[in-house]
2 protein chains.
Amino acid sequence: MHKVTVLDKKGALDCPIRDVINRIGDKWSLLILVVLSEQPTRFNELKRTIGDISQKVLTKVLKELEQEGYITRTAYDESPPKVVYDLTEMGISVLTPVGHLIDWAEKNHAMIKGNRSKTD
Amino acid sequence: MHKVTVLDKKGALDCPIRDVINRIGDKWSLLILVVLSEQPTRFNELKRTIGDISQKVLTKVLKELEQEGYITRTAYDESPPKVVYDLTEMGISVLTPVGHLIDWAEKNHAMIKGNRSKTD
DNA sequence: CAGCATCCCAGAGGATACTG
DNA sequence: CAGTATCCTCTGGGATGCTG
């Protein structure tokens, strides 16, 4: 098994993995990163692709992802306005470990659903 | 880059990775799995090790982790009661992809914190 | 020891209306 | 088009007290 360390001395929550989980572990961030991995995408295009995200939340999450360096925001001075979001190098690179987790999720999905239904 | 697919036809949220993120993406689950990876652990021992988790939440998360098949719960019929939690095969196996994410988090932690402080 | 029951709160996220 | 601004709901999680 892969050796894992999350705890540190100061407190269980103050560790790198929590910063990452807090970011991509929410309802939408990971999805946004994946959509952007297909191609640079405009605001409303992103909203349409995801479908059921509210505009407020999309704005908020995009800001946070940008602030932590996962994505870039490029505004073109046109009318109507045009803003394009894209992955940074860091945003691209996190998709590798995330991809492993996704692979695992797909392989074990049936088992998880099976377990869950047993005790319903 | 690792090729990633999360979206499906029916809706963005109905996909395996969301089941996993919803489970280990909360405040405590991942931490519990990691603690258990060290050794099988009793309820209050788990609580002490983690430190600042409330009893209510620990109970709840343990139940959910058990229900989805990540951990086992073994109650010994003694007085005082003794209940030991341990990882299942599935619980062990998820720590591999999770470990990759943790590695990534550690390598990129400085950059994330740096990015964050730039725009504070 | 290993919980259950209850009360409480902050924040995530949705809906809607408005703007440069 | 790409957002801001409000209002509202719902739930994750904490605090406290009690029990077999």
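Proteins come first, then strands; the chains are lettered A, B, ... in the order of their sequence lines, and each starts at number 1.
- A side-chain donor from one of B:T59 and B:Q55 sits under 3.5 Å from a side-chain acceptor of the other.
- Listed nucleotides: D:dG20, D:dG3, D:dA2. Nearest to the side chain of B:P81: D:dG20.
- Among the heavy atoms of the strands lying under 4.0 Å from A:R73 are primed sugar atoms or P, OP1, OP2 only; no base atom is included.
- The main-chain N or O of A:V94 is never found under 3.5 Å from a side-chain atom of A:T96 such that the two would form a donor-acceptor pair.
- Using a 4.0 Å heavy-atom cutoff across all strands shown, B:Q55 reaches at least one base atom of the nucleic acid.
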Between the protein and nucleotides 7-13 of chain D, are there any N/O to N/O pairs under 3.5 Å, and if so, what are the atom names and distances?
| unit_1 | atom_1 | unit_2 | atom_2 | d |
| --- | --- | --- | --- | --- |
| D:dG12 | OP2 | B:K60 | NZ | 3.3 |
| D:dG13 | OP1 | B:K27 | N | 2.9 |
| D:dG13 | N7 | B:K56 | NZ | 3.3 |
| D:dG13 | O6 | B:K56 | NZ | 3.2 |

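- Distances shown here put every side-chain N or O of B:K47 at or beyond 4.0 Å from the OP1 or OP2 atom of D:dG14.
- Along DNA chain C, the stretch of nucleotides lying under 4.0 Å from any heavy atom of chain B spans, 5' to 3', C:dC1 to C:dC7.
- Using a 4.0 Å cut-off between charged nitrogen and carboxylate oxygen, B:K113 and A:D19 do not count as a salt-bridge pair.
- Rounded to an integer number of Å, the gap from A:L58 CG to D:dA2 C1' is 10 Å.
- For DNA chain C, runs of at least 3 consecutive pairs of the Watson-Crick or G-U wobble type, with both hydrogen-bonding distances under 3.5 angstrom, map to C:1-20 with D:1-20.
- Here A:Y76 lies out of heavy-atom contact (under 4.0 Å) with every strand.
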